[in-house]
Amino acid sequence: MTLRTRFAPSPTGFLHIGGARTALFCHLHTRHYGGTTILRVEDTDLERSKQEAVDAILDGMHWLGLDPDEGPYFQSANREKHLDIVDQLLIAERAYRCYCSKEELDQMRDEQRSAGLKPRYDGRCRDRGSAPTPDAPYVIRFRRPKVGEVIWQDKIQGEVRVRNDELDDLILVRSDGSPTYNLAVVVDDHNMGINLVIRGEDHLSNTPRQIQLFEALAWDVPEYAHMPLLHGEDGAKLSKRHGAVSVLAFKEDGFLASAVNNYLVRLGWSHGDQEIFTTKEMEELFDICEVGRSAAIFNSDKLLWINSHHIMDAQPEDLLEELTYQLQRIGIEGVENSRLLEIIPEFQERSKTMVEMAQKIAFLFIDELPPYEPNAAKKHMKIAAIGPLSELTSRLESCQDWSHDSIEKVFKSILDAFGIKMGKLAQPVRVALTGTATSPGIYETLCLLGRQKTISRLKAGVVFLEEKAAAAE
RNA sequence: GUCCCCAUCGUCUAGUGGCCUAGGACGCUGGCCUCUCACGCCGGUAACGGGGGUUCGACUCCCCCUGGGGACGCCA
């Protein structure tokens, strides 16, 4: 039997990191077993469903490389099918009309709570024959079995048992005639041939109810895997209040999709001591059955470290898109890919994020002189560097071949001529060229910057030093 | 409150009764490398929540406590 899994978000907001993890685990497990992933938007609550949210979820999944094989399907489109099933249940007396008002139910729950009981519907309309008044509003409830228990072998949680008397008669159809989530899920999972449901542990308590429904309809029950939740830094379930930001915010912040996936997959799952996984490796190795049962706390330091590794390990071509995106965000546009491809390798192991990379390479593209960082200038732009710097400038000007080796020879000749150490030369040069005290190797930096900009910035550096010397007198 | 789940370094985890004086990773930290930064390498820091059992022997099995989390909607 071919594996069919679904990711079923409700369109009430963007795809956050916890939802992304669920989608990822679905995707990975399904890929491992060669199955089919289905995206189904759970929009039975039309009031809270938003098209923008659907788009945001789709965008988030696409960025992470989690596009579904089928869908998106919209649960609201299946309304008639859901309601047909309820008719069947009504006829079979597995469902009944309940005329209780919300106030009545609230009061009932309050009483139960104060009596130390679990609040739940007490079934008072179960055997009510007729409507209190002909036009009384009603909901339709499922007539659950009262005895026995629901047992299933959860792929993560192991055997789970729930006594039927712990449950209550859930609502299938609202008083406005619309199907509820639990009904829609069961009908859709069945109709779509879903045979494995992977979802968050927060759905654990829905599962026995849904299994009861499957059984009442004499349908095959899918398998289940309830993932432990991802918690925020405060240890509580991720929510908008607990820093559950859109996954696309990670793109903004310069994270690579593969790194985000890699980070997420290690929360609850491991493969020996391996920390860094390519997407392909994850798809080959991951198995939902190996996921642990305890919740994990989101830790941005680890994500940053993983991101830096994915940047280092990437082919430069694979960084083009994200780098161009980040450059454009800081106002640098129109840089040729071929030029970027020369630059990227020098910055891969120096950038933890693509934002950082864009910032670090920005000095190469500005036409004006780079502003000197005060600390860098103070520490390295010493008056004593005037001689070496100006001599270097003129020797570079007459240097025929702007290559790493030729540039190195020129530098070495200056070192010999002045009897100074590399640090005394390279650092002032670095500040003059980049405005900062850090950059790739100095020869590489000159190569990337090019002859023209190098010479003019060095000259400006000499002027800067001369002015400084003049002011000191 | 009721029901359910979880419990190894601050964090992510390995560990499936003896290989554990508990391994790896992030973080923090000492050092090496070095033209800077980074990478890399070497070292350090730090954990089996508590109490009972079971056993020749428990991080590993059972029970209780404690702690954390989740669920209890005409939301999904």
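In what follows, chains are A, B, ... by sequence order, proteins preceding strands, each numbered from 1. Note that this is a predicted model, so its numbers are computed, not measured.
- In this structure, A:A437 reaches the bases: a heavy-atom distance under 4.0 Å links it to at least one base atom across the strands shown.
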Sort me out a list of protein N/O and nucleotides 60-71 of chain B N/O pairs below 3.5 Å, or just none if empty.
residue	atom	partner	partner atom	Å
B:G69	O2'	A:H231	NE2	3.2
B:G70	OP1	A:K237	N	3.1
B:A71	OP1	A:K237	NZ	2.7
B:A71	O2'	A:S205	OG	2.5

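- Base pairing of B:C28: its partner is B:G44, meeting the Watson-Crick or G-U wobble criterion (both donor-acceptor distances under 3.5 Å).
- In summary, the side chains of A:D169 and A:Y96 do present a donor paired with an acceptor at a separation below 3.5 Å, with no hydrogens or angles considered.
- Among the atoms of the strands shown, base atoms are found under 4.0 Å from some heavy atom of A:P440.
- Residue A:F74 places its CZ atom among more than 12 non-hydrogen atoms of other residues, nucleotides or ligands, all under 6.0 Å distant.
- Between B:U34 and B:G40, the distance separating the two C1' atoms is 12 Å to the nearest Å.
- Checking B:C35, B:C74, B:G1 against every side-chain atom of A:R113, the shortest atom distance belongs to B:G1.
- Looking at A:R430, its side chain comes within 3.5 Å of the base of B:C35 through a donor and an acceptor atom.
- Taking a 4.0 Å limit (strictly below) on heavy-atom distances, residues 410-422 of chain A reaches RNA chain B at A:M422.
- Following rounding to the nearest Å, A:D165 (CG) and B:C4 (C1') show an atom-to-atom distance of 14 Å.
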Does the protein touch nucleotides 23-29 of chain B at the base, only the backbone, or not at all? Give it as B, S and - per nucleotide, heavy atoms under 4.0 Å. BBBSS--
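- B:U66 and B:G27 have their P atoms separated by 38 Å, with the value rounded to a whole Å.
- For B:C37, the base has a donor-acceptor partner in the side chain of A:R350 [N/O atoms by modelled type, under 3.5 angstrom].
- Comparing B:C39, B:C12, B:A76 by their nearest atom to the side chain of A:I297 picks out B:C12.
- Searching all strands for a Watson-Crick or G-U wobble partner of B:A7 with both distances below 3.5 Å returns B:U66.
- Nucleic acid contact for A:G441: base, since at least one base atom lies under 4.0 Å from a heavy atom of the residue.
- Here, B:U29 and B:C65 have their C1' atoms 38 Å apart, quoted to the whole Å.
- When each of A:D189, A:T37, A:D188 is tested with A:R6 by the rule side chain to side chain donor-acceptor pair (under 3.5 Å), just one qualifies, namely A:D189.
- At most 12 heavy atoms of other shown residues, nucleotides or ligands fall within 6.0 angstrom of atom CG in A:N375.
- The side chain of A:I442 lies closest to B:C35 when the candidates are B:C35, B:A76, B:A7.
- Residue A:Q112 is classed as having no contact, given no heavy-atom separation below 4.0 Å to the nucleic acid.
- Whole-Å rounding puts the A:H310 NE2 to B:C39 P distance at 16 Å.
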Decide yes or no on ring pair (Phe, Tyr, Trp, His ring centres under 6.0 Å) for A:H32 and A:F286, but give the supporting numbers first. CA-CA 7 Å; A:H32 180 150; A:F286 182 84; 8.2 Å; no
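- A:S294 comes within 4.0 angstrom of the backbone, heavy atoms only, and of no base.
- Here A:R109 lies in heavy-atom contact (under 4.0 Å) with sugar-phosphate atoms only.
- Residue A:S175 is classed as a base contact, given a heavy-atom separation below 4.0 Å to a base.
- Between B:C35, B:C74, B:U13, one nucleotide has an atom nearer to the side chain of A:A426 than all others, and that is B:C35.
- Between the P atom of B:C12 and the CD1 atom of A:I17 lies a distance of 15 Å, rounded to the nearest Å.
- Nucleotide B:C72 has B:G1 as its partner under the Watson-Crick or G-U criteria, with both atom distances under 3.5 Å.
- Atom CD of A:E281 is separated from atom CG of A:L28 by 11.5 Å, given to the nearest 0.5 angstrom.
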